[in-house]
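Along the sequence shown, residues are numbered consecutively beginning with 1.
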Amino acid sequence: MSALPRSYNPFAEDEEEDVAPAGPGGAGGADRQRFLQQEVLRRSAATADSTTRSLSLLYESERIGVAASEELIRQGEALKRTEQMVDKMDQDLKTSQRHINSIKSVWGGLVNYFKAKPPESKPEQNGAPEYYANSRLKEAMESSKEQESKYQESHPNLRKLDNSDSDFNKADLVSSVQRDAYPKNQQLRAYHQKIDNNLDEMSSGLSRLKSLALGLQTEIEEQDDMLDRLTKKVETLDVNIKNTDRKVRQL
């Protein structure tokens, strides 16, 4: 009865393979060990590629989130311009009502003479209103924009062709402490390092995506309040326009 091999580890040292007994079962044990070694490497490579693809999708989601944030800020600027235009129309309408009162009667002219004039709005600089997004969204956008270069590198259509041996060559640069935490096999160690790095990047990316989502939520809530305020102003302006039109027809 043949003795059992000293180790079932497919990445055992060559010395252990030499101790394995020769005979009909010796060659089969070596073949099985090589098969297990290739299978472990294949699965590790597949896992590394999977985490790389997931990381690429995460960067893509982050890029879309930044684009959505920029579009939401432009929408806020448009709402701000609309609100200022409505305020200007309301002010012009009050001025028109004063002139109509002066034309209708002498008493109306005296009332307008002693009545304080409505304050004039200051002209806008460069014709563009100032609009500031909430600080949470701005910080999240700045943090995500710093990762744009990583997105360019990870995107399959934008990144350069990888040299499959590049990660293996980097394995020699690992410190002795890190070497102890990974398998001794050079290729397997490189795969494990790549997987760990990708998982760390995914964790950071998910944290940035969460910050973007919270910033977008705050910005949407603020713009909802702006829309409610603008709707009330437009309704009031519509009533005043109809009243002014009726007074003009009565002249």
Side-chain angles (χ1 to χ4, degrees), residues 57-148 151 205-251:
L57 292 174
L58 188 62
Y59 285 144
E60 172 68 9
S61 301
E62 194 171 357
R63 187 184 67 86
I64 294 175
V66 172
S69 302
E70 293 174 345
E71 183 63 29
L72 191 61
I73 292 177
R74 285 193 291 268
Q75 176 178 301
E77 293 173 351
L79 288 175
K80 184 68 174 180
R81 285 195 299 269
T82 304
E83 186 176 14
Q84 291 186 350
M85 290 175 61
V86 171
D87 292 339
K88 183 66 168 57
M89 292 173 64
D90 184 67
Q91 181 181 351
D92 293 342
L93 190 60
K94 291 179 181 178
T95 303
S96 300
Q97 290 175 349
R98 288 170 54 88
H99 293 321
I100 292 173
N101 292 335
S102 299
I103 295 173
K104 287 181 63 177
S105 64
V106 177
W107 174 251
L110 291 175
V111 171
N112 289 336
Y113 180 80
F114 291 103
K115 189 176 181 180
K117 294 183 179 180
E120 297 182 357
S121 59
K122 297 181 180 180
E124 300 173 1
Q125 297 180 355
N126 301 328
E130 294 183 357
Y131 179 81
Y132 301 99
N134 66 86
S135 58
R136 174 180 290 181
L137 181 59
K138 291 179 64 177
E139 292 176 358
M141 289 176 60
E142 292 175 358
S143 177
S144 295
K145 285 183 177 180
E146 294 176 355
Q147 311 301 318
E148 186 175 0
Y151 164 73
L206 289 173
S207 177
R208 292 192 301 271
L209 276 178
K210 179 181 177 181
S211 299
L212 271 176
L214 293 175
L216 284 169
Q217 180 183 3
T218 303
E219 183 68 20
I220 290 173
E221 291 175 352
E222 292 179 356
Q223 292 192 17
D224 283 343
D225 295 338
M226 188 184 300
L227 281 172
D228 293 339
R229 184 173 65 249
L230 182 59
T231 300
K232 294 179 181 178
K233 288 184 177 181
V234 170
E235 291 175 351
T236 303
L237 182 63
D238 182 63
V239 173
N240 293 336
I241 289 176
K242 291 179 180 179
N243 292 336
T244 303
D245 181 68
R246 185 177 65 253
K247 290 180 180 180
V248 169
R249 293 179 184 275
Q250 292 174 355
L251 291 178

Within this structure, what is the [atom1]-[atom2] distance for the pair [X] and [Y], rounded to the nearest 0.5 Å?
{"X": "Leu58", "Y": "Arg63", "atom1": "CG", "atom2": "CZ", "result": "13.0 Å"}
{"X": "Leu214", "Y": "Leu137", "atom1": "CG", "atom2": "CG", "result": "10.5 Å"}
{"X": "Asn243", "Y": "Arg246", "atom1": "CG", "atom2": "CZ", "result": "4.5 Å"}
{"X": "Ser211", "Y": "Leu206", "atom1": "OG", "atom2": "CG", "result": "11.0 Å"}
{"X": "Gln223", "Y": "Asn134", "atom1": "CD", "atom2": "CG", "result": "9.5 Å"}
{"X": "Asp87", "Y": "Gln91", "atom1": "CG", "atom2": "CD", "result": "9.0 Å"}

- Message: Is the shortest side-chain heavy-atom distance between Glu70 and Arg74 below 4.5 Å?
- Response: yes

- Item | Lys242 side chain reached by Val239 side chain, heavy atoms, under 4.5 Å | no

- Message: Does this structure show an ion pair linking Lys145 with Glu142, if we count only N-O contacts that are shorter than 4.0 Å?
- Response: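 Answer for the salt bridge query: no.
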
- Any Lys/Arg nitrogen of Lys80 or Glu77 sitting under 4.0 Å from an Asp/Glu carboxylate oxygen of the other? no

How far apart are the closest heavy atoms of [X] and [Y], and which atoms are they?
{"X": "Leu230", "Y": "Thr82", "value": "CD2-CG2, 3.7 Å"}
{"X": "Leu212", "Y": "Ser69", "value": "CD2-OG, 3.8 Å"}
{"X": "Lys138", "Y": "Ala133", "value": "CD-O, 3.6 Å"}

- Task: Could you give me the CA-CA distance, side-chain angles and deciding distance for Leu72 and Leu216, then say whether side-chain contact (heavy atoms from CB on, under 4.5 Å) is met?
- Result: CA-CA 8 Å; Leu72 191 61; Leu216 284 169; 3.8 Å; yes

- Message: Go through it in stages, so that I can follow the logic: the residues are Gln84 and Arg81, the test is side-chain contact (heavy atoms from CB on, under 4.5 Å), and I'd like the CA-CA distance, side-chain angles, deciding distance and then a yes or no.
- Response: CA-CA 5 Å; Gln84 291 186 350; Arg81 285 195 299 269; 5.6 Å; no

- Message: Per the salt bridge (charged side-chain N to carboxylate O under 4.0 Å, His left out) rule, what does the pair list look like for residues 214-230, sequence neighbours excluded?
- Response: Glu83-Arg229

- Message: With a 3.5 Å distance limit and no angle check, can you tell me whether Ser143 reaches the backbone of Glu139 through a side-chain donor-acceptor pair?
- Response: no

- Message: Regarding Gln147 and Glu62, do their side chains bring together a donor and an acceptor under 3.5 Å, going by distance alone?
- Response: no

- Task: Flag yes if more than 12 heavy atoms outside Met226 fall under 6.0 Å of its CE atom; otherwise flag no.
- Result: yes

- Task: Evaluate whether atom NZ of Lys233 has more than 12 neighbouring non-hydrogen atoms of other residues, nucleotides or ligands under 6.0 angstrom away.
- Result: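 Check passes, neighbour count above 12.
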
